[in-house]
Each structure stands twice: as C-alpha cells, then as structure tokens.
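The structure under discussion appears below in the form of structure tokens.
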Amino acid sequence: MYPIWEVPNLSAGIILALIAAFHILPSHLSTSAMWFNVYVETKAYRENRPELLEFIRKYSLLLLVFSYVLGSLSGIGIWYSATVANPRGISGLIHNYVWGWATEWVFFIIEVTGIFIYYYTLGKVDRKTHLKIGWIFAIGSWTTMVIIVGILAFMLSPGKWPETGNFFDGFFNQTYWSQLLMRTTLMFGIAAAYAIAVATRIKDADVRSFITKTASRWGIAGLILGCVLFLWYLKTLPDANRMLITALAPQGLKTGIIVSLGLLVLYFIYANVKPLTIRLFPAILAIAVLFGGIWSTERIREMIRKPYIIPQYMYSNQIIGKDVIAKGVSAEAKIINEKGLLKVAPFVPDGLREINEGNQVQAGKMIALIECSSCHVLDEKGLRAMPQMIRRLEFKPHAEAAEEVAEIEGFIDALGGYPYMPPFVGTSAEKRALATYLHSISRIK
Ligand code: HEC
C-alpha cells in the first residue's frame, strides 16, 4: 500500500480522467492523420496537383506539435497521475504487461522520429521515398494502438487471465477486437475534424474545398462505422459490466455520446455540402464537441469497471480482492480482517494504529481514505460525496446517534452486496470507527 492522493471535491480519479480523455485527441490523431496524409499526397502526385502539398505541410506540422508535444506531455501525465492515484493498480499492470509497453515504445520511437523526418523531408527527397516515410509512420503509429488497446481492454475484461495468468489470454480478451476496430474507425472522425480545421487556414479555394469535402467523407464514414462497432463492443462486454451501464452510468453521459455524435455527423454533412463556408472557430467548436463525446464514452468505460481497477483481481481501492493462483497472488481480505487495516497499511500515522476512545473519528477517516476515497470524496460536495451518500441511508425517525452508527455499521457489512462496491475489510473495531466517522461527517442530527 502507498500514501493516498486526496484531491478535494474532485478525486484523484477525475484528474487522471481529464488528462487521459484529453490524451485521446492527440493520440488518436497521431494514429489516424497520416493515413489521410498519404491519401492526399498520393493524389497530389498521381493527378499532378502540387498545390495539395500545402495542406500536407500544415497538417503534419499540426500533427508534430499537437500530437508530439501536447500528446507526449499528456501521455506522461497519465503515467504520473495514474502512478499516484492508483500505484498498486499500475504496479499490477506493469508486472503483467511490461513487455507489451516495451513493444509499444519501439513503435513509439518510429512515430516520434518519423513525424520529424516526414515533415522536414517534404519536397526535399523524391516523392516515392517521402510517401514511404508516410506509410511507415501510419502503420507504426497504428501499431501502438494495436498494442495499447490490449492493455486497456484487459483492465475492463481480463478474459481467461485470472485463471491462467497468461499474457495473451489477458491481452486478446473478449473486448479486444471490438475496441480495436471501434477506435480504428472513430479515429478517422478525429483526423477529419482536425483536417477541416487545418483547411480553413489555406487560401487556395480549390485545395480548401477538396480537403474539406474529402475529410468530411472520411469523418462520416468513420463515425457511422464506429457507431456500428460501438454496438458490437457493448455486446462483447461481460454481463456484469453491461449491467452497470444501466445501474450506474448517468443519463447525462449517455446523452452526451448521442448528442456529440449527431452534431458531428451534421457538421460533416454540412462541411461536405458547403466546404468553403467553414471557418476556424466552428471547426474548433466541432473538436470541442468531439471531446465531449470522448469524455462521455471514456467515463462510462471507467464506471463500468467498478468495483475493480483490474477485474477479478484488484479492487479500485487497491486491495487485492481475489486469488490469482497462476501469479502467486492471494486475496487480502482474510489477513486484513484478522490483523486490522490500520495495522497492515504502511502509511498510517502511529497514533492511529490502535483505536481508542480518543481517536475513533480520526481512525475512521483514515479507513475511509484507504477503502472508500478511490470512488467517493469525503468532502461535503463533489464526486459521490460521502456525506450525501450516508444521508441516503434511511434511518429510523428520532433515532439516537448510537443507533444510527449501528445502522451505518450494518450498511458497511452489506457493502460487498452492491455490484459496484468492494466489501469492507478490517476488524470490528475498525468498522465501528469508520461508522462513527461517517456518521460525524453526515451531520444527520
Ligand atoms: C469502487 C468504487 C467504490 C468504492 C471503493 C466505494 N464505493 Fe460507495 N458507491 C460507489 C458507487 C458507484 C455508488 C453509487 C453512487 C450513485 O448512486 O450515484 C456508491 C454508493 C454508496 C452509498 C450510497 C448507497 C445507496 O444505497 O445509495 C454509500 C453510503 C457508500 N457508497 C458508501 C461507501 C463506503 C463507506 C465505502 C468505503 C468503505 C465505499 N462506499 C466505497 C462506488 C464505490
């Protein structure tokens, strides 16, 4: 166990989610944009339209700066924030997928150097060589997605891994192909939105019109195919996760997906019909709408993984919930129930290891920080704010404080019965301390 990263009102998870959702724009732009580039470049050479190269220059500069400066920074931001938000989760992933990441980074180096070579050699090497560089980049970049989707999908549906502990059993799990194909098609929606934004900066009306029309067709095709694959992806989800879409995902996020999809399709159709009327501001707005859709989909994907950070292995609060015999990992409930959470967790202030009359509330807060704060902020307002959650429990009218604490204890006993919450682990004194603390913050009286 590691120290807890407590972010008031927001939670560490939301900070990570913001960085990770933003990262989708540069990373998916990187995997998709070069396919569009090589298409346009081939056309420029075949049909002898050198003026199209102006677009390629601008679009690859955008790719270089946006994907390889902001994308790299946010990629590292994911690592940093995930490492402090859920160090054990990251550790568990690294122990299984370090060679996956190592392989990805080989292709990543191809991308990072490739984009500089592609951009700076345009017009300076012969056409065939330049196109080849483009192809190498496009395939290399997409390969990073082929690899990373395996690890992403593993975090949602680890397949047979919990029984076998095998790298590929976890990697090619039941949501792998649907997620890979869905992301592969949707990424062209992102490439198209950015291409249209770049086209607004081009003076030559023919080039602008050609790029906007072509990109909008790629965008419509990507979104519609992506939509069909999204439905397939929903089908491939394990039942427990699919059930949580109904039980947990807020209507706002579901509406967010549909509205952003609808608006984008309309935008692309309009761009196709009236390409020259699109200005920079609406083009950027379209990217913001795109981000709204990404945020909604990714938030739902995160929600339906509850109560786990890695299903059938580790809970969101970093407590190992299940034996993974193949990996020599044992569930921790038994030992924590016997010895006490405050005894076994290393980062507990000394005064809180033993619970007594004087430190009950503080000890309870420590337990809530460790066991609950990955999903609930303990502040009055914010992400699934704990005081509000406790107020949802129905207490008997005119109950004494002690009766209410006892009722909260009963609720804590039943936590494992919720499909999205891990069971409580700890001694009965710790349960009482947690209940006393929860009662104190809920200010029921
Ligand atoms: C893996 C994530 C997760 C963890 C860990 C977690 N919860 Fe929850 N909890 C949820 C979700 C999700 C909800 C449903 C929120 C909603 O309905 O908006 C919830 C709801 C609740 C509710 C309201 C129950 C109801 O019937 O409406 C209470 C009370 C609660 N949690 C207490 C706790 C306590 C105490 C802990 C720590 C011992 C804890 N939770 C740990 C995810 C979690």
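Just so you know, ligand 1 is whichever comes first in the structure, and atom 1 is the first atom listed for that ligand. Reckoned from all heavy atoms, side chains included, excluding hydrogens, waters and symmetry mates. Computed from a predicted structure; not experimentally measured.
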Rounded to the nearest 10 degrees, what's the angle SD of Met421 makes with NE2 of His376 at atom 8 (Fe) of ligand 1? Could you check? 180°

If you measure every N/O of Arg384 against every N/O of ligand 1, is any gap under 3.5 Å?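 It does not: no N or O of Arg384 is found under 3.5 Å from an N or O of ligand 1.
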
Would you check whether Ser316 has a nitrogen or oxygen atom less than 3.5 angstrom from a nitrogen or oxygen atom of ligand 1? no

Less than 4.5 Å apart, any side-chain heavy atom of Leu237 and any of Ser157?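 No - every pair of side-chain heavy atoms lies 4.5 Å or more apart.
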
Side-chain touch Ile441/Met386, heavy atoms, less than 4.5 angstrom: yes

Using 30° and 60° as the class boundaries, would you call the ring planes of [X] and [Y] parallel, tilted or perpendicular?
X	Y	result
Tyr176	Phe172	perpendicular
Phe171	Phe167	parallel
Trp35	Trp135	perpendicular

Show the atoms of ligand 1 that are less than 4.0 angstrom away from any heavy atom in [X].
X	value
Cys375	1 (C), 2 (C), 3 (C), 4 (C), 5 (C), 42 (C), 43 (C)
Pro307	1 (C)
Leu415	38 (C)
Leu438	35 (C)

For Thr31 and Met145, work out which heavy atoms get closest and say how close. OG1-CE, 3.7 Å

Hey, are [X] and [Y] close enough for a salt bridge, meaning a charged N less than 4.0 Å from a carboxylate O?
X	Y	result
Glu332	Arg88	yes
Lys322	Glu163	no
Glu354	Lys343	yes
Glu298	Arg183	yes

Does ligand 1 have an atom that lies less than 4.0 angstrom from a heavy atom of [X]?
X	result
Met386	yes
Tyr315	no
Tyr308	no
Phe424	no

Of the protein's non-hydrogen atoms, which lies at the shortest distance from [atom], and what is that distance?
atom	answer
atom 24 (C) of ligand 1	Tyr418 OH, 3.7 Å
atom 14 (C) of ligand 1	Tyr420 CE1, 3.5 Å
atom 17 (O) of ligand 1	Arg392 NH1, 3.1 Å
atom 37 (C) of ligand 1	Cys372 SG, 1.9 Å
atom 32 (C) of ligand 1	Phe411 CE2, 3.6 Å

Closest by any non-hydrogen atom to atom 5 (C) of ligand 1: pick that one out of Gln388, Glu371, Met389.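 The option holding the nearest heavy atom is Glu371.
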
Worked verdict on Gln174 versus Thr236 for side chain to side chain donor-acceptor pair (under 3.5 Å): CA-CA 6 Å; Gln174 68 262 44; Thr236 58; over 6 Å; no

Side chain, backbone, both or neither: which applies to Ala368 and ligand 1 if a contact is any heavy-atom pair less than 4.0 Å apart?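 The answer is neither; Ala368 stays 4.0 Å or more away.
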
